[in-house]
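When reading the values below, keep in mind they use all heavy atoms of this one structure, side chains included, and skip hydrogens, waters and symmetry mates. Per chain, numbering begins at 1; letters A, B, ... match sequence-line order.
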Number of protein chains: 2
Amino acid sequence: MTDLELKKFKKVLKDENLRLTPQRVEVFREVCNSEEHREAEEIYLALRKKDLNVSRSTVYRTMDILYKYDLVERMDIGDGKWRYEHWLNCHHHDHLICIRCGTIVEFTNTQIEEIQKDVAEKFNYQLVRHVHQLFGLCKQCRKMPISVN
Amino acid sequence: MTDLELKKFKKVLKDENLRLTPQRVEVFREVCNSEEHREAEEIYLALRKKDLNVSRSTVYRTMDILYKYDLVERMDIGDGKWRYEHWLNCHHHDHLICIRCGTIVEFTNTQIEEIQKDVAEKFNYQLVRHVHQLFGLCKQCRKMPISVN
DNA sequence: GTTCTTATTGAGATTGAATCTCAAATGAGA
DNA sequence: TCTCATTTGAGATTCAATCTCAATAAGAAC
């Protein structure tokens with residue numbers, strides 16, 4: 001977690017009349033210090049492992065705040081769980097997801113972004129956000145034979 | 001439900017050693033005869049309203065079969081519920097979703113499809129499927145003032 | 001530093017979509 | 001018609017996420 005990140009978090013809490021608690025800081029630190037796309041439960045367990053016992057409720061509540069005030073990005077790959085990634089200083093991107101091993105890689109494509117705008121305009125929709133996920137087999141998984149189990 | 005649709009459904013059941021039951025036929029008919037993107041629960045309630053009392057379990061189980069054997073398409077807009085749409089004789093399409101009223105319209109764009117293939121290739125992913133959803137305000141909802149409730 | 005008010009925390013209960021269990025019912029091949 | 005594996009229905013269960021509420025603690029005012 002950089003000083004800038006902590007500063008931004010503190011600013012959000014202040015601006016929104018939310019209190020700066022050690023639990024909130026630990027959750028935010030945990031998110032900032034990982035490049036993965038993790039579920040709330042994983043963040044909760046990671047904190048426990050470090051003997052930072054923040055309750056499950058508080059982790060969920062803090063993730064809600066971080067998402068609401070745009071300090072993290074979140075994605076849903078269709079398994080009923082939100083996955084979070086730290087977002088500050090990053091740019092918008094979409095995802096390639098391996099359906100076998102779960103590896104998630106990020107991509108950006110300005111051409112697609114442009115066409116999306118055209119499509120929304122054509123249908124008279126005011127575009128707010130989008131979800132674009134490519135599911136497939138990653139380089140490693142393509143090579144492996146299909147398991148019968 | 002067209003004869004062709006019923007025939008295809010019967011073929012799938014036969015091929016997969018699944019039995020042709022009145023409940024399964026009613027669920028499939030209900031899905032075929034609607035152009036909406038509906039949840040399992042909505043399909044269940046629609047059947048009840050018509051005094052076709054198929055249990056909730058059977059509706060869920062039948063939707064699983066229809067999806068597995070490609071007789072329906074399903075989508076997840078991030079609210080934890082699968083939405084189904086009848087699929088036979090339709091082509092692949094993506095969705096524009098109004099974040100206020102929930103209206104879903106379909107779009108296709110061959111250019112985006114092409115770029116997707118390039119992106120997957122660039123990352124050495126074997127593309128299997130994709131999710132592309134544009135969220136925004138539809139023509140009607142753009143005009144309405146934001147409610148404070 | 002002390003006091004006071006109000007937000008926050010944690011533990012466990014609750015929700016809701018989806019899945020599972022198992023006894024009773026029923027397709028469909030012989 | 002008989003037989004038997006499959007399917008159904010009702011209710012229990014799962015799991016992520018949210019809610020409840022008493023105890024705790026942040027932080028503004030002094």
Q. Are B:H95 and B:H37 close enough that their ring centres sit under 6.0 Å apart?
A.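 Yes; B:H37 has its ring centre under 6.0 Å from that of B:H95.
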
Looking at [X], does any N or O in its side chain come under 4.0 Å of the phosphate oxygens OP1/OP2 on [N]?
X: A:Y60; N: D:dT18; answer: no
X: A:Q23; N: C:dG10; answer: yes
X: B:T58; N: D:dG9; answer: yes

Under a plain distance cut-off of 3.5 Å, with no hydrogens placed, do [Y] and [X] share a side-chain donor-acceptor pair?
X: B:H92; Y: B:H130; value: yes
X: A:E85; Y: A:H93; value: yes
X: B:Y60; Y: B:R56; value: no

Between the base of [N] and the side chain of [X], is there any donor-acceptor pair under 3.5 Å?
X: A:R56; N: C:dA11; answer: no
X: A:T21; N: D:dA25; answer: no
X: A:R24; N: C:dT8; answer: no
X: A:S57; N: D:dA17; answer: no

Looking only at side-chain atoms of [X], point me to the closest of [options].
X: A:R19; options: C:dT8, C:dG27, C:dA18; answer: C:dT8
X: A:R61; options: D:dT20, C:dG27, D:dT7; answer: D:dT20
X: B:K14; options: D:dA16, C:dG29, C:dA17; answer: C:dG29

Q.
Just the rounded figure in Å: distance from C1' of C:dT8 to CG of A:N17.
A.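 My rounded result for the distance is 14 Å.
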
Q) In whole angstroms, how far is the C1' atom of C:dG16 from the OH atom of B:Y44? A)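 So the OH-C1' distance, B:Y44 to C:dG16, works out to 15 Å.
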
(Q) Nearest heavy atom decides the nucleotide; on that basis, is B:L20 or B:E39 closer to the 5' end of DNA chain C? (A)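 Per heavy-atom nearest nucleotide, the more 5' residue is B:E39.
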
Q: With DNA chain C as reference, determine whether B:D64 or A:T62 sits nearer its 5' end, using the nearest nucleotide of each.
A: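 Per heavy-atom nearest nucleotide, the more 5' residue is A:T62.
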
